[in-house]
Visitor: 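Structure provided below as structure tokens; questions to follow.
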Amino acid sequence: LVGGGVDPQQLIGALPPPQLAAGCPCEWYFVSPAPRARVYEIDGCTGCTPICGAAGALGTLVAPVAIAVRDHRIAVADPGAGNVRIWAKSGAIDAGTIWLANARLLAFAPWSELLVIADGRDRVLRFSPTGDPRGELAAPLPALATGGAYDRLGAGGDGAVWLVTREPAV
């Protein structure tokens with residue numbers, strides 16, 4: 001985790017909200033909230049449409065809170081179902097399930113790992129692109145002020161892991 005010396009406004013602008021993820025240069029993916037939760041693809045040609053496969057079907061997701069996309073893989077944190085679902089081929093193939101009750105933030109890293117932050121954990125969890133556990137990042141998550149939250153997660157090609165925290169309003 002990289003800390004200090006970063007303008008929070010620039011980082012927030014570079015990391016989309018947890019429910020939105022960039023795919024290829026002209027594609028974005030969005031996970032809609034319950035009760036009609038599903039994954040949508042947004043692009044300039046077709047607009048906003050549910051993706052093919054289980055990820056785009058109603059009833060697959062219960063109460064999703066975050067999505068991550070990289071190299072035609074899609075991962076969705078769904079605390080309502082108690083898992084993180086991973087799909088390959090842009091949602092057409094079920095690639096894995098991580099049974100984790102309180103996953104809140106996700107990011108696919110360029111080094112072929114899925115990074116997950118879950119409530120009640122003090123470190124970022126690491127998984128393979130198919131959901132196999134790979135341990136935790138060595139650096140602990142920063143402490144939060146009362147009422148604060150981990151807001152956004154990202155990973156850079158230089159090996160940096162970016163985390164945006166939200167402080168409570170005063």
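This one's a predicted model, so the numbers in the text were calculated from it and none came from an experiment.
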Visitor: Within this structure, what is the OG1-CZ distance for the pair T49 and R38, rounded to the nearest 0.5 Å?
Guide: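 If we round to the nearest 0.5 Å, T49:OG1 and R38:CZ are 10.0 Å apart.
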Visitor: Below 4.5 Å, heavy atoms only, C-beta onward: do W87 and T60 meet side chain to side chain?
Guide: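 The answer is yes, as the side chains (C-beta and beyond) meet within the 4.5 Å cut-off.
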Visitor: Hey, could you give me the CG/CH2 distance between D43 and W28, rounded to the nearest 0.5 Å?
Guide: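 Between atom CG of D43 and atom CH2 of W28 there are 13.0 Å.
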Visitor: Counting C-beta onward and ignoring hydrogens, is there a side-chain heavy-atom pair between V65 and P18 closer than 4.5 Å?
Guide: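 Side chain of V65 against side chain of P18, heavy atoms only: no contact under 4.5 Å found.
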Visitor: Has Y150 got a side-chain atom pairing as donor or acceptor with D119's backbone, closer than 3.5 angstrom?
Guide: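 No, Y150 side chain to D119 backbone: no donor-acceptor pair under 3.5 Å.
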Visitor: Of the non-hydrogen atoms in S32 and Y40, which two are nearest, and what is the gap between them?
Guide: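 Nearest pair, atom of S32 first, then Y40: OG-CE1, 3.6 Å.
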Visitor: If every non-hydrogen atom of V116 is compared with every non-hydrogen atom of A103, which pair is closest and at what distance?
Guide: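 Nearest pair, atom of V116 first, then A103: CG1-CB, 3.9 Å.
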Visitor: Tell me, do V84 and L114 make a side-chain contact under 4.5 Å, heavy atoms counted?
Guide: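 Side chain of V84 against side chain of L114, heavy atoms only: contact under 4.5 Å found.
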Visitor: Using 0.5 Å steps for rounding, measure from the CG atom of L141 to the OG1 atom of T165.
Guide: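 Reported to 0.5 Å precision, the distance equals 10.5 Å.
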Visitor: Over all heavy atoms of both residues, which pair between P79 and R104 is shortest? Give the atoms and the distance, please.
Guide: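 Answer, listing the atom of P79 first, then R104: CG-NH1, 3.1 Å.
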Visitor: Is there a chain of hydrophobic side chains (I, L, V, M, F, W, Y, each step under 4.5 Å between heavy atoms) that links I117 to L125?
Guide: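 Each belongs to a different hydrophobic cluster.
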Visitor: Just so I know, are the side chains of I67 and L106 near enough to count as touching, which here means a heavy-atom distance under 4.5 Å?
Guide: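 Not touching, per the 4.5 Å side-chain cut-off.
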Visitor: Does R121, at its CZ atom, have more than 12 non-hydrogen atoms belonging to other residues, nucleotides or ligands within less than 6.0 Å?
Guide: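 No.
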Visitor: Taking all non-hydrogen atoms of both residues, which atom of R134 and which atom of R126 are closest, and how far apart?
Guide: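 Smallest heavy-atom distance, with atoms named: O-NH1, 2.7 Å.
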Visitor: Would a hydrophobic clustering, with Ile, Leu, Val, Met, Phe, Trp and Tyr connected at side-chain separations under 4.5 Å, put V161 with L144?
Guide: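 They do share one cluster, since a chain of ILVMFWY contacts under 4.5 Å joins V161 to L144.
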Visitor: Nearest 0.5 Å, what's the CZ-CG distance between R152 and L163?
Guide: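 With rounding to 0.5 Å, CZ (R152) is 11.5 Å from CG (L163).
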Visitor: Please say which of V69, I74, I51 ends up in a side-chain contact (heavy atoms from CB on, under 4.5 Å) with E41.
Guide: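 So, applying the side-chain contact (heavy atoms from CB on, under 4.5 Å) to E41 and each of V69, I74, I51, only I51 qualifies.
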Visitor: Say you draw a straight line from CG of L115 to CZ of R123; how long is it, rounded to the nearest 0.5 Å?
Guide: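 Spacing of CG (L115) from CZ (R123) equals 14.5 Å.
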Visitor: Where is the tightest heavy-atom contact between P64 and D78, given as atom of each residue plus distance?
Guide: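 Looks like N-OD1, 3.4 Å.
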Visitor: Are Q19 and V31 close enough, and set up right, to give a side chain to side chain contact (heavy atoms under 4.5 Å, CB included), and what steps lead you there?
Guide: CA-CA 5 Å; Q19 303 83 3; V31 62; 4.1 Å; yes
Visitor: Do R73 and F108 come close enough that some side-chain heavy atom pair is under 4.5 Å?
Guide: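 Of all side-chain heavy-atom pairs linking F108 with R73, at least one is under 4.5 Å.
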Visitor: Looking at side-chain heavy atoms only, is the closest gap between L61 and V39 below 4.5 Å?
Guide: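 L61 vs V39: side chains touch.
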Visitor: At their closest point, which heavy atom of D94 faces which heavy atom of I86, and how far apart are they?
Guide: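 Shortest heavy-atom separation between D94 and I86 comes out as OD1-O, 3.4 Å.
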